Amino acid sequence: MKQLLTGNEAIARGLYEAGVTVAAAYPGTPSTEIMENVANYKEIRSRWSPNEKVAVEVAGSAAMAGARAFAAMKHVGLNVAADPMMTLAYEGVNGGLVILTADDPGMHSSQNEQDNRNFSIFGKLLCIEPSDSQECKDFIKIAYEISERYDLVVLFRMSTRVCHSKSIVEIGERKEVGVREYVKDVKKNIMVPAHSRPRHFVLEDIFKKVEEEYAYTTPLNKIEWNSKKIGIICSGISYQHCKDVFGEDASYLHLGLLNPLSKKQIKEFADQVEELYIVEESEPFIEMQVRAMGIACKGKDVVPRCDELNTRRIGKAFGVKRYVEEDLYQPEVKAPARPPVLCAGCPHRGFFYELGKMKDVMVAGDIGCYTLGMAAPLSAVDSVICMGGGFSGATGFDQANKEAGRKTKVFGCVGDSTFFHSGITSLVDAVYNKADAVYCILNNSITAMTGHQDNPGTGKTITGEITEAIDPLAIVRSLGIPEDHIRVVDPLNLEETRAAIKDAYESTGVFVIMTKSPCALIKEVQKANAGKHVTANPDKCKSCKACLKIGCPAVALGKDGKIKIDLAQCNGCGICKQVCKFGALE
Amino acid sequence: MENANILLVGVGGQGTLLVSKILSEGLMEAGYDVKMSEIHGMSQRGGSVSTHIKFGKKVNSPVIAEGEADILVSFEQVEALRALPYLKKGGTLIVNDHQIYSMPIITGAEDYPEGVIEYLKKICPDTLSLNAGEIAEGLGNIKAQNVVLLGAMIKKLGLDSIDWKAVIAKMVPEKFKELNLKAYDAGYAL
């Protein structure tokens, strides 16, 4: 049977067919839908982990105990999971282990453009990269076979355009492989120096063996002979672009196995073509190794390192005529910018509106919808680094301020899922090292930005099973933060929010504010708000524009300069009503 | 029709996704190779969104680069301007006569340009503009504007050999079936 699947859906199907039994992930674009789809297969024990490190530790140990196991994350999540991954590589597997990284060239929804293929050399991991949905499914099955055959961890590298593109996939059946026998083996599974030293030798030997006996013959790599004037080595989505740009005017060495590379295969291919091109997104991962072999090639000297590739960028890089001759529509009328914004009715809006009005504050933000607290007109955030960085960032700001003798008050903001991910340890640090800052948990009861995944605070697992709903405040209190330094507020109530921020501003030591109001897009919330909206009364509107300062996409001035509410978007949250002094919003 | 690149653009929440699902499902059933690419995540929060659909005997890249779209369907006026460099010179533009203000326009930092449709028609001769929202509202629900646009697109593409109504009936919930079939007809009749 044929189905049109995204790369993410095809991965889930491949895991099912491969007989995988344990899977863990933390949501992150563009990887999120993998685990959402895996959870539909009852044969696989699926979970949202609180962070990527936990996911890899669970999956890695499940593999050690004999199960075929899997962990998925976005590229920056692999930084969080790198610690267990680097040592699991030494320990090897029992049941197969695949760690999937979804990279984001072009940064459609990410804070950096790191190329995680580099982790595979750094950590001695097999690296596999598919170029469409069929390969996603086929390659992930092969990944388990070779992980088990060679006792190696596989790093499975995807990119946004492979994750989120649909193409046709032939569906197969599940092959049950069961759970392998577990035999206690401390020399392999406990990495103390006396064990790790010999394991490093073992790992190097295995890698050499894979390169010699597997990399040359692997079905993951394919050679397509056409014209031998140009030979192209490429992998992932770049292969698909190249096929459109060069067609049969070039031959292709399409790599699916990225680490180790087969030097023999590369040399043989390079020897038979007049000119060698290497086309890869982001870093010159293949190219550096080819150049180290002393083979001349064209690569990053012409292909851009930044941003994702497409046919045009590749065509122009290599001077292909139809791409060099620009003949594009270039409208003289410019489209105004359309940056992402907090949704109409978003509870984060009230908090950032009040925080943004504060003078002499610094605000460390974090990853999630509330990153958008940075956007004008709220403009309430000073910094965003990474998951959990909102809390530690506040601590760091405050340390510098104290040293400089500045009186600036510091706030740090994380979401509920981010608090569980890595905000907790940062708060422990704040208490332990006697910080003087305000730590804000923006609790909207969901992992929102990635499309509403459950988390340890929601009371439900990935399969919808009821579980303990962990209360962030119980954790806050357990750290010894006194009650008079804790506020819980409804961020849709501006007066209440303002009062808490004022108390926090005037406090010393660790102060915690938790806002509590569910994401406006949660189905139950949408149902409860159905039909509710604010009504504008243009007769009372003085066109003072105070309501425009909340940055709500449903609130705008009409052509007559009077307030107008977009009823299709408004959910009646009432923030605009609270900022209007003339009663024009009811 | 042997092959075509279709680019759908709009603003998060306008229903581009359902249109691309119907299109790619219908094309696959008709025996075409199909690829569809879209971006999820942050851009969905009121930002610009785009979906790329390519079909033919064999499709390689799922991404439509600048100058490669045979047809551009824009669910909003200025999004057509933004995406126009992706339309092949002489290609077909279908634009929904609808404006959605972005935050820089709401706050007054930028202005929404006047006369966008007229300008598009001037530089892109094969332009069809329609108020899909008004048509859908007339049929009972503004949300069906996406299927009105689908109908108009199918006619322009000349993909009549596929039974699109059967595909729509399969892909939308029973209670919205009637509405969407009418919306398709209304778009096709333009």
Side-chain angles (χ1 to χ4, degrees), chain A residues 2 4 6 29-30 32-33 108-110 132 160-161 164-168 237 239-244 308 310-313 315 326-343 369 371-372 375-377 449-451 545 548-549 551-553 555-557 566 568-569, chain B residues 11-13 20-21 24-25 28 33-48 52 58-68 77-87 89 91 100-113 115-116 119-120 123-124 142:
Chain A
K2 282 185 174 169
L4 200 54
T6 61
T29 312
T32 310
E33 302 82 9
H108 298 283
S109 196
S110 300
D132 64 13
T160 298
R161 293 297 184 176
H164 285 165
S165 292
K166 283 192 176 186
S167 56
I168 297 169
I237 198 71
Y239 164 74
Q240 305 289 355
H241 298 326
C242 282
K243 286 282 283 181
D244 279 344
E308 62 176 354
N310 63 20
T311 48
R312 192 165 193 87
R313 284 175 201 151
E326 285 271 327
D327 188 22
L328 301 176
Y329 284 116
Q330 302 285 7
E332 286 153 30
V333 183
K334 289 279 163 269
R338 195 182 296 280
V341 289
L342 294 172
C343 306
C369 289
T371 307
L372 296 170
M449 179 65 94
T450 42
K545 299 183 181 173
L548 300 184
K549 295 201 173 116
C552 178
V555 180
L557 296 188
D566 178 355
Q569 289 193 67
Chain B
V11 178
S20 63
K21 269 187 176 168
S24 41
E25 197 65 32
M28 183 180 76
D33 189 16
V34 187
K35 284 190 181 173
M36 193 261 271
S37 183
E38 61 189 5
I39 293 301
H40 306 204
M42 197 174 209
S43 57
Q44 284 184 311
R45 302 284 177 255
S48 307
H52 305 213
K58 168 89 181 124
V59 179
N60 297 304
S61 171
V63 181
I64 297 170
E66 299 86 342
E68 288 186 346
Q77 285 187 16
V78 296
E79 292 312 312
L81 278 180
R82 200 188 314 283
L84 206 59
Y86 288 82
L87 182 65
K89 273 280 172 81
I100 299 176
Y101 285 6
S102 65
M103 198 46 65
I105 293 161
I106 289 176
T107 60
E110 289 189 60
D111 291 321
Y112 198 100
V116 172
Y119 176 72
L120 288 167
I123 63 166
C124 181
I142 188 165

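In the text below, chain A, chain B and the rest are named by the order of the sequence lines, each starting its count at 1. None of the values given here were measured: they were computed from a predicted structure. Hydrogens, waters and symmetry mates play no part in the numbers below; they use all other heavy atoms, side chains included.
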Chemist: Are any non-hydrogen side-chain atoms of A/Gln240 and A/Arg161 less than 4.5 angstrom apart?
Modeler: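 No, too far: nothing below the 4.5 Å cut-off.
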Chemist: So does A/Glu332 have more than 12 non-hydrogen atoms from other groups sitting under 6.0 Å from CD?
Modeler: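 Result for CD/A/Glu332: open.
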Chemist: Under a 4.5 Å heavy-atom cutoff, which of B/Ser37, B/Gly91, B/Ser61 has the most pairs with chain A?
Modeler: B/Ser61
Chemist: Answer with side chain, backbone, both or neither: which region of B/Tyr101 has an atom nearer than 4.5 Å to a non-hydrogen atom of chain A?
Modeler: both
Chemist: Only counting residues at least two apart or in another chain, list the ones meeting salt bridge (Lys or Arg N to Asp or Glu O under 4.0 Å) with B/Lys58.
Modeler: none
Chemist: Under a 4.5 Å heavy-atom cut-off, does chain B meet the side chain of A/Lys545, its backbone, both or neither?
Modeler: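 For A/Lys545, no heavy atom lies under 4.5 Å from chain B.
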Chemist: Which residues satisfy the ring pair (Phe, Tyr, Trp, His ring centres under 6.0 Å) test with B/Tyr86, sequence neighbours excluded?
Modeler: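 B/Tyr86 satisfies ring pair (Phe, Tyr, Trp, His ring centres under 6.0 Å) with no other residue.
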Chemist: Side chain from CB out, backbone as N, CA, C, O: work out which of these in A/Ala376 comes under 4.5 Å of a heavy atom of chain B, or both, or neither.
Modeler: backbone
Chemist: Taking side chain as everything from C-beta outward and backbone as N, CA, C, O, which of these in B/Asp111 sits under 4.5 Å from a heavy atom of chain A? Side chain, backbone, both or neither.
Modeler: backbone
Chemist: With a 4.5 angstrom heavy-atom cut-off, which part of B/Ile100 approaches chain A: side chain, backbone, both or neither?
Modeler: both
Chemist: Where does A/Glu308 contact chain B at under 4.5 Å (heavy atoms): side chain, backbone, both or neither?
Modeler: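 Neither part, no heavy atoms under 4.5 Å.
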Chemist: Looking only at heavy atoms, which two atoms of B/Gln77 and B/Leu120 are closest? And how far apart?
Modeler: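 Heavy atoms only, the tightest pair is O-CD1, 4.4 Å.
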Chemist: Does any backbone or side-chain atom of A/Asp132 lie under 4.5 Å from a heavy atom of chain B? Answer side chain, backbone, both or neither.
Modeler: side chain
Chemist: Given side chains that start at C-beta, do those of A/Glu33 and A/His164 come closer than 4.5 Å, heavy atoms only?
Modeler: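 Heavy-atom side-chain distance check passes, below 4.5 Å.
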Chemist: Evaluate the side-chain proximity of A/Arg312 to A/Leu328: yes if any heavy-atom separation is below 4.5 Å, no if none is.
Modeler: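 Contact flag for A/Leu328/A/Arg312 side chains = yes.
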Chemist: Show the nearest heavy-atom pair for residues A/Ser110 and A/Thr29, with the distance to one decimal.
Modeler: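 Smallest interatomic distance, heavy atoms only, reads OG-O, 4.2 Å.
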Chemist: Which bit of A/Pro30 comes within less than 4.5 Å of chain B, counting heavy atoms only: side chain, backbone, both or neither?
Modeler: neither
Chemist: Non-hydrogen atoms of chain B under 4.5 Å away: do they reach the side chain of A/Lys549, the backbone, both or neither?
Modeler: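 For A/Lys549, there is no contact with chain B at all, as no heavy atom is under 4.5 Å.
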Chemist: Would you mind checking which part of A/Thr311 comes under 4.5 Å of any heavy atom in chain B, side chain (CB onward), backbone (N, CA, C, O), both or neither?
Modeler: both
Chemist: Checking heavy atoms, do the side chain of A/Ile237, its backbone, both or neither come under 4.5 Å from chain B?
Modeler: side chain
Chemist: At what distance, to the nearest 0.5 angstrom, does NE2 of B/His52 lie from CD of B/Glu38?
Modeler: 9.5 Å
Chemist: Heavy-atom distance under 4.5 Å to chain A: side chain of B/Glu110, backbone, both or neither?
Modeler: side chain
Chemist: With a 4.5 angstrom heavy-atom cut-off, could you sort out which part of A/Cys552 is near chain B: side chain, backbone, both or neither?
Modeler: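 Backbone only.
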Chemist: How about NZ on A/Lys334, more than 12 heavy atoms from neighbouring residues, nucleotides or ligands closer than 6.0 Å, or not?
Modeler: yes
Chemist: Using non-hydrogen atoms and a 4.5 Å limit, figure out which bit of B/Ile106 sits close to chain A: side chain, backbone, both or neither.
Modeler: both
